[in-house]
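Read the structure below first, then the notes.
Computed over heavy atoms, backbone and side chain alike; hydrogens, waters and symmetry mates excluded. Count residues from 1 along the sequence.
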Amino acid sequence: MLIDASVTHAAPTHAADPINADIGIMTEFRSDLLNVLSERGFIHQLTDAAALDARATKGKITAYTGFDATADSLHIGSLVQIMMLHWLQNTGHRPIVLMGGGTTKVGDPSGKDESRQLLSNDAIAANIGGIKKNFEPFVRFGDQGNDAILSNNADWLDRLEYIPFLRDIGRHFTINRMLTFDSVKMRLDREQPLTFLEFNYMILQAYDFVELARRHDCVLQMGGSDQWGNIVNGIDLGRRVGDFELFGLTTPLITTASGAKMGKTASGAVWLSADRVSPYGYWQFWRNTDDADVVRFLKLFTLLPLDEIARLEVLQGAEINEAKKILAFETTAILHGATAATEAAETARRTFEEGEAAEGLPHHAIDPAALAAGMPLYAVLAEAGLAASSGEGRRLIKGGGARVNDEAVTDEQRRLTNADLRDGAIKLSAGKKRHVLLTIT
């Protein structure tokens with residue numbers, strides 16, 4: 001629903017014309033909220049930055065970010081938005097986590113080439129239950145002070161009457177303007193189907209903002225840079241139907257130094273749920289951060305003070321590995337707890353420094369009959385997520401990057417058999433940092 005490294009800010013714009021807000025040069029704020037978000041690299045665009053800064057300086061504001069319930073967990077791609085909600089609450093303001101129980105039934109076309117599979121009400125409800133757990137380490141829920149609110153847009157969207165909604169809300173949206181949105185243009189340019197159902201999504205998201213303003217005095221919507229158009233739609237709708245003064249803030253698109261999308265690996269998305277990605281796997285993801293990304297990620301994804309991050313920023317050469325370990329520990333401790341982070345770090349130390357096949361490594365089950373018959377190593381590397389394909393597995397072996405039980409393998413025809421089992425498992429490695437324990441099902 002909602003989600004370059006440079007810090008840029010929108011110039012203050014007239015409240016009656018939020019659509020024309022663009023990137024400006026405002027870089028200093030009076031409010032703790034916008035100062036923290038700016039200094040840590042969260043801000044890409046703002047509408048009427050001066051007015052929002054003044055509101056946040058005077059007292060508590062309420063802000064929201066929305067998340068559609070398309071799975072039972074969020075992944076690292078949503079972590080920027082989650083951390084921003086944390087800092088919102090940490091600076092004295094009230095966050096709303098808006099679950100898209102209603103909009104998930106439609107599907108956000110932003111950044112998508114194809115329509116999403118429609119989910120049942122029961123599946124959506126189960127997904128919301130799982131996603132709520134992702135937030136609990138980051139924000140405090142409750143009904144006092146600036147405790148976070150968990151809201152569900154199905155509470156109002158499911159009750160809408162179609163004709164009155166079109167008459168009261170739909171009339172404020174022109175087809176001409178809706179066709180200019182990137183989410184629509186991309187589908188049309190690529191001649192991919194865009195259903196009428198999805199075409200309504202931007203109207204529903206705009207209505208969400210107005211409804212939260214009415215229910216909770218919510219004045220700020222935050223989201224990824226791909227949501228800029230949807231956010232200003234809500235701002236404009238609020239001005240038209242209720243004379244609300246609303247604001248929008250987007251974050252930069254987070255990519256790694258290599259240009260890859262944040263949170264994607266050869267084996268898939270890095271999920272926040274421990275049921276999907278173990279604490280060790282999560283720790284290891286951050287430990288493998290590119291040197292050029294370490295400082296930026298420390299600012300965005302940890303709670304470390306900026307002066308401590310500045311100390312780590314000057315590390316060079318092999319010393320930067322210590323900063324990576326700190327990044328891995330801090331991010332894992334926030335999500336899974338300090339004990340799990342310590343255990344993951346110890347597993348890594350034993351694995352990398354002592355060569356042990358530690359039990360904390362990610363496990364991948366293999367069929368005993370297939371192992372007895374002999375399994376091509378290149379295929380198992382791909383199956384276990386250590387290579388993107390069998391072809392890449394072959395290249396990994398040929399280049400000397402594959403290891404079986406810590407022994408280098410260069411024979412592309414190498415097959416794994418029962419003879420490779422060590423205490424009922426096989427340790428498989430790609431390079432020095434990625435390891436999997438193959439276990440018998």
Side-chain angles (χ1 to χ4, degrees), residues 1-3 64-86 88-89 95-108 110-112 115-143 147-158 201 204-205 208 212 222-224 227 254 261-265 267-286 301 331-341 343-344 362-365 385:
M1 178 180 178
L2 296 174
I3 241 246
Y64 90 96
T65 301
F67 303 85
D68 277 342
T70 54
D72 61 3
S73 173
L74 298 174
H75 54 69
I76 283 182
S78 297
L79 194 54
V80 169
Q81 312 309 324
I82 297 173
M83 290 300 296
M84 195 155 51
L85 290 172
H86 165 84
L88 179 85
Q89 187 172 57
I96 297 177
V97 176
L98 179 65
M99 296 307 310
T103 43
T104 301
K105 300 171 187 176
V106 175
D108 184 1
S110 300
K112 306 295 187 299
S115 300
R116 281 177 171 159
Q117 181 181 357
L118 298 183
L119 301 176
S120 68
N121 289 340
D122 288 345
I124 291 172
N127 287 347
I128 289 174
I131 291 172
K132 182 178 184 293
K133 296 176 182 177
N134 294 159
F135 284 95
E136 290 171 350
F138 299 91
V139 296
R140 181 186 68 256
F141 290 99
D143 54 9
D147 286 348
I149 298 170
L150 183 72
S151 190
N152 185 341
N153 63 17
D155 292 345
W156 52 86
L157 296 183
D158 283 359
Y201 189 96
L204 298 177
Q205 184 171 329
D208 283 345
L212 289 173
M222 305 184 296
Q227 294 298 319
I254 305 299
K261 191 172 182 179
M262 179 67 184
K264 294 291 185 180
T265 67
S267 56
V270 181
W271 299 93
L272 302 183
S273 170
D275 293 336
R276 286 176 172 258
V277 172
S278 69
Y280 175 82
Y282 192 77
W283 188 98
Q284 189 60 41
F285 169 82
W286 295 104
F301 301 116
T331 51
T332 306
I334 296 171
L335 181 62
H336 297 297
T339 299
E343 290 174 352
H363 286 51
H364 178 77

Inset, instruction - Taking ring-ring contact (aromatic ring centres under 6.0 Å, His included) as the test, write out the residues that go with F135, two or more places apart. - result: F67
Legend entry - Sequence neighbours excluded - salt bridge (charged side-chain N to carboxylate O under 4.0 Å, His left out) pairs with any residue from residues 74-83: none
Inset, instruction - Could you walk me through whether F301 and V80 pass side chain to side chain contact (heavy atoms under 4.5 Å, CB included), step by step? - result: CA-CA 7 Å; F301 301 116; V80 169; 3.6 Å; yes
Legend entry - Listed partners of H336 passing ring-ring contact (aromatic ring centres under 6.0 Å, His included), at least two apart: Y282
Inset, instruction - Assess whether side chain to side chain contact (heavy atoms under 4.5 Å, CB included) is satisfied between T332 and Y280, documenting all intermediate values. - result: CA-CA 8 Å; T332 306; Y280 175 82; over 6 Å; no
Inset, instruction - Measure the spacing between CD of Q284 and OG of S278 and express it to the nearest 0.5 Å. - result: 9.5 Å
Inset, instruction - Quick one: do I82 and L272 satisfy side chain to side chain contact (heavy atoms under 4.5 Å, CB included)? Show the steps, please. - result: CA-CA 11 Å; I82 297 173; L272 302 183; 3.7 Å; yes
Legend entry - Considering all heavy atoms, the nearest S151-I96 contact: CB-CG2, 4.1 Å
Inset, instruction - For side chain to side chain contact (heavy atoms under 4.5 Å, CB included), just list the numbers for W286 and I76, CA-CA rounded to whole Å, side-chain angles, deciding distance to a tenth of an Å, and then say yes or no. - result: CA-CA 11 Å; W286 295 104; I76 283 182; 3.7 Å; yes
Inset, instruction - Might you work through the side chain to side chain donor-acceptor pair (under 3.5 Å) test for D208 and W156, ending with a clear yes or no? - result: CA-CA 9 Å; D208 283 345; W156 52 86; 2.9 Å; yes
Legend entry - Minimal non-hydrogen separation, A148 against Q89, with atom names: N-NE2, 3.3 Å
Legend entry - L335 vs F138 side-chain heavy atoms within contact, under 4.5 Å: yes
Inset, instruction - Compare all side-chain heavy atoms of H75 with those of V277 and state whether any distance is below 4.5 angstrom. - result: no
Inset, instruction - Identify the heavy atoms of P279 and A344 that sit nearest to each other, and give their distance. - result: O-CB, 4.1 Å
Inset, instruction - List the atom of Q81, the atom of G224, and the distance in Å for their closest heavy-atom pair. - result: NE2-N, 3.5 Å
Inset, instruction - Any chance you could measure K105, atom NZ, to L157, atom CG, to the nearest 0.5 Å? - result: 8.5 Å
Legend entry - Heavy-atom check, side chain of M222 versus side chain of L85, under 4.5 Å: yes
Legend entry - Atom of D143, atom of D147 and distance for their closest heavy-atom approach: N-OD2, 3.4 Å
Inset, instruction - Mind checking the CG-CG spacing from D158 to N121? Nearest 0.5 Å is all I need. - result: 7.0 Å
Inset, instruction - Have a look at D68 and tell me which of T103, N127, N153 forms a side chain to side chain donor-acceptor pair (under 3.5 Å) with it. - result: T103
Legend entry - K132, K133, R140 screened by side chain to side chain donor-acceptor pair (under 3.5 Å) with E136, the one that passes: K132
Legend entry - CG on L98 to CG on L150, rounded to 0.5 Å: 8.5 Å
Inset, instruction - Please report the closest heavy-atom contact between S273 and S73, naming both atoms and the distance. - result: N-OG, 3.2 Å
